[in-house]
Structures are given as C-alpha cells and as structure tokens.
Amino acid sequence: MILNNKKIVLGITGGIAAYKALELARLFIKNKAEVWPVMTRAAVSFITPLSLQTVARNTVSQDMFALSQESKISHIDMAEKADLVVVAPATANVIGKVASGIADDLLTTIIMATKAPVLFAPAMNSNMYDNKIVQHNIERLRKIGYCFIGPAEGELACGNEGKGRLAPLEDIIDAAEECLAPKDLKGQKVLVTAGPTREAIDPVRFISNPSSGKMGYAIARAARRRGAEVVLVSGPSYLAPPRGITFIKTITAEEMAEATMRHYPQSTVVIMAAAVSDYRPKISHRKKVKKEEERLDIELERTQDILKELGNKKRGQFLVGFALETEDMLTNAKKKLKEKKLDLIVANSPSSFDGEVTQVSVIDKDGKVEELPSLAKNEAAERILDKVVRAIGS
Ligand code: CTP
C-alpha cells in the first residue's frame with residue numbers, strides 16, 4: 001500500500017549481489033511501485049541491462065551524457081520526481097563517493113540532486129565492510145539522514161563468512177516502506193500480542209487454535225514503520241520476528257500474560273491481537289498419556305483474561321482488543337469493548353485465521369462501527385493504526 005504508485009530510482013552498483021536486484025525490482029513492481037533502474041558501469045559487468053529492463057518494465061539508464069538514453073525520463077526528472085532512491089547493492093565505492101560529495105556518474109548525480117529519501121543496502125566483502133573508512137562513511141551518511149538496511153551475516157561470494165551479504169529482499173522492501181511511511185506514531189510505545197497460545201495436556205499434546213500470528217505481526221511492523229517503539233509478544237508462530245522491534249516469544253497464556261504485564265506500564269498503546277486460550281488442562285501430565293480407557297476426560301480450568309486485566313489496570317494506555325466471533329459479531333464485540341474497558345475493538349471472524357486477507361469491523365468507544373473491505377493483512381494493519389493515530393491525537 002505504501003509503495004503504491006511510488007516512483008523509485010533503483011540504483012545498482014557493481015557487486016556480485018547485483019543479480020539479486022533483478023528480484024528486488026520485481027518485488028517493487030509487485031508492490032505497485034514504478035521502478036526507474038539506473039546501473040553504474042561496473043554493475044553492467046554483473047547483470048545485463050536487458051534483464052533489468054525486462055523485469056523493471058522501464059528503460060535502464062546508465063550514462064549521464066548519452067542523450068539517446070534519456071528517453072522517457074531525464075536524469076533531472078529522476079532526481080526531482082523520485083519518491084525514493086534505493087541503492088541495492090551498494091558497494092563501498094558508491095557509499096564512499098556519496099559521503100565525500102562526489103557526483104561523477106548518473107547514479108551519484110541523482111543522489112546528490114534529489115530531495116527524496118535515499119536507502120542504501122550495502123553488500124561487500126566482510127573485511128571491506130569492517131574497514132574503518134567504510135564504517136566512518138556509513139556513520140557520516142546516517143547522521144545526515146541517509147538510511148541503511150543490512151548487510152546481513154552469512155556466507156559471502158568470496159568464500160568468507162561474516163557481515164556483508166545483501167539484506168534479505170523482504171527487509172529491503174520493508175525498509176523502503178519505512179522511508180516513505182508517515183511518522184505519526186513517533187514517541188509512542190506500542191505493545192502488540194500475536195498468535196495462538198498452547199496449553200499442554202502432556203509433553204506431546206496441547207490445546208491451541210489455528211491463529212498464524214500474521215495480523216499481529218503486520219500491526220507490529222506497521223507501527224515500527226510509522227515511528228513507534230514496538231514490543232511484540234508472540235505465541236508460537238512460524239513467522240520470522242520482524243526486524244527493529246523487541247520480540248518476546250511465549251508459549252502458554254500464562255507466559256503471554258506475564259510478558260504483557262511486564263511491558264504494560266511503559267506502553268502508551270496496546271493492541272491484543274493474540275488468540276489466547278481461554279482454558280487450559282487442570283493437570284498437565286509430565287509423561288505421555290497412554291491410551292488405555294475407551295474414554296478420556298480432560299478437566300479444564302480458565303486462564304487469565306489478559307486484556308480484561310489490562311483494562312482494569314489502565315493508566316492512560318490506549319487499549320485495542322480483537323473480538324473473534326462466529327455469530328452476532330457486532331453485538332458481542334461491543335460487549336467486550338465495554339467489559340474490558342477498551343478504546344477500540346476490531347471484530348473479525350475465524351475465516352481469516354491463517355489467510356493473507358482479512359475483513360474486519362472497527363468499533364470505537366462511542367460504539368461507532370466502520371466496516372473495512374476485505375484487505376491484505378498489511379493494509380488492514382495500516383487502517384487499524386490510522387484509527388489509533390486519529391484517536392490518540394484528538
Ligand atoms: N483475550 C485475552 N485473554 C484471554 C482471552 C482473550 O487477553 N484469556 C483477548 C484477546 O486477545 C482479544 C480479546 O481478549 O483481544 C477478545 O478475545 P476473544 O477470544 O474474541 O473473546 P473472549 O474474551 O475470549 O470471549 P469468548 O471466547 O467468550 O468470545
């Protein structure tokens with residue numbers, strides 16, 4: 001959503017990770033951005049302009065003085081009209097040039113002339129990356145507002161192990177979105193819970209639900225992009241922890257309650273997207289329960305209602321709950337909003353549990369309902385946060 005219709009100059013410099021820029025261009029296009037590819041002379045040694053042109057669906061610009069190349073968009077247009085410049089991979093050379101104010105080719109000239117945010121995704125040999133000159137250049141650029149993502153650690157093309165791999169492409173996309181997102185949650189401390197909980201019957205069996213955690217993770221990422229400091233308390237989920245946040249892994253409702261309560265006093269906004277088990281087995285067997293009797297009864301006891309507790313202990317926090325309903329959605333959600341002393345509740349149905357898309361209704365303190373259309377969870381997260389921002393700002 002954030003990248004929709006955005007004009008992105010994608011600068012590719014001469015490193016082996018240049019081949020990954022093809023996939024990056026494709027991902028930008030998939031996110032509905034317009035890509036203006038620019039290659040340095042060295043980049044052409046690694047991938048062909050034709051490949052890039054094909055995936056980027058746009059002419060590749062290489063030479064500042066080749067008039068024939070300035071077809072659709074001139075380099076001045078690129079600098080002035082770009083919403084964002086992404087340099088991926090960024091070599092030590094291009095970082096050094098920009099840090100020193102050198103503009104001797106098309107890419108560095110665009111970077112020097114643009115007022116758009118510039119994001120570097122460095123990729124190089126780890127010794128090169130550790131070099132004090134490179135570190136100093138990065139530091140200098142960071143200080144004056146240039147953004148960096150990565151590099152990641154791992155096996156490098158030169159055979160070394162270490163820090164220098166191009167950041168994962170989804171992190172580069174996420175960082176690009178962060179560059180463009182409004183910083184309307186700056187100064188807020190947002191606590192998010194996500195995923196299911198598991199309540200053990202014995203060492204190999206548990207009671208749980210099919211929540212994937214996708215909605216809560218999307219909210220945590222979106223809040224961070226919008227400038228908040230984020231703590232994500234997650235139940236068991238196969239999703240990778242989002243970057244740039246404090247991540248706390250929990251399993252049971254009790255552990256989730258403990259972690260949430262611990263971070264509650266210092267939070268300004270709390271969003272309980274977790275599908276917490278309401279019951280747990282009264283006895284959790286230490287050894288595997290063997291099949292003996294024809295029938296087995298498991299006695300269950302209530303877990304703590306974390307959100308209700310948060311409502312009772314509220315000290316100015318803005319509290320958002322979710323309501324998972326199979327019937328009478330709005331009536332039940334409104335009841336929960338009151339009973340748990342919430343500021344906002346997001347009503348949804350179990351149909352969106354594991355999917356990429358969700359359809360929710362958001363109800364505010366005064367009972368006003370807004371039914372959102374069916375949206376990708378990332379987009380729904382942004383819309384829910386829009387509501388939070390409007391409410392805490394007023
Ligand atoms: N919740 C919680 N602790 C629980 C159960 C739920 O904090 N033990 C939170 C959920 O994270 C959600 C909200 O309360 O934000 C509503 O959860 P939901 O499962 O819809 O409802 P319940 O309160 O559990 O009530 P019921 O199961 O009867 O619908």
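We number each residue from 1, following the sequence as shown. Just so we're clear, the structure is a prediction, and the values are computed from it rather than from any experiment. In listed order, ligands and their atoms are each counted from 1.
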Flag side-chain contact, heavy atom, 4.5 Å: Thr252 against Thr197: no
What protein heavy atom is closest to atom 7 (O) of ligand 1, reported as residue, atom name and distance in Å? Leu307 N, 2.8 Å
Which atoms of ligand 1 are found less than 4.0 Å from any heavy atom of Thr303? 8 (N)
Quick one about Thr48 and Ser51 (side-chain donor to acceptor, distance below 3.5 Å, no hydrogens or angles considered), yes or no? yes
If we count only non-hydrogen protein atoms and require a distance under 4.0 Å, does atom 28 (O) of ligand 1 qualify as touching the protein? no
In terms of side-chain geometry, is the basic nitrogen of Glu356 or Lys214 positioned less than 4.0 Å from the acidic oxygen of its partner? yes
Nearest protein heavy-atom contact for atom 10 (C) of ligand 1: which residue, which atom, what distance? Ala274 O, 3.5 Å
for atom 12 (C) of ligand 1, nearest protein heavy atom and its distance come out as Phe322 O, 3.0 Å
Apart from Met256 itself, its cluster of hydrophobic side chains linked below 4.5 Å comprises Leu191, Val231, Val233, Ile248, Met261, Tyr264, Val270, Met272, Val276, Ile306, Leu307, Leu310, Leu319, Leu330, Leu337, Leu342, Ile345, Ile363, Val369
min-distance protein heavy atom vs atom 8 (N) of ligand 1 -> Gln304 O, 2.9 Å
State the atoms of ligand 1, each with its element, that fall below the 4.0 Å cut-off from a heavy-atom position in Leu324. 20 (O)
Tested for side chain to side chain contact (heavy atoms under 4.5 Å, CB included) against Val346, the lone hit among Val320, Ile219, Thr358, Leu372 is Val320
In a check of salt bridge (charged side-chain N to carboxylate O under 4.0 Å, His left out) between Asp184 and each of Lys387, Arg390, Arg226, which one passes? Arg226
Do Ile2 and Glu382 have side chains that approach each other closer than 4.5 Å (heavy atoms only, starting at C-beta)? yes
Do Val134 and Lys132 have side-chain heavy atoms sitting under 4.5 Å apart? no
Ligand 1-proximal atoms of Asp305, by part, heavy-atom distance under 4.0 Å: both
Heavy atom of protein inside 4.0 Å of atom 19 (O) of ligand 1, strictly below: no
When you measure from atom 5 (C) of ligand 1 to every protein heavy atom, which one gives the shortest distance, and what is it? Asp278 OD1, 3.2 Å
Kindly identify the option in Glu325, Glu339, Lys340 whose heavy atom sits closest to atom 22 (P) of ligand 1. Lys340
Of the side chain and backbone of Lys336, name the one, both, or neither that has a heavy atom under 4.0 Å from an atom of ligand 1. side chain
For atom 3 (N) of ligand 1, what's the nearest protein heavy-atom neighbour? Residue, atom name and distance, please. Ile306 N, 3.1 Å
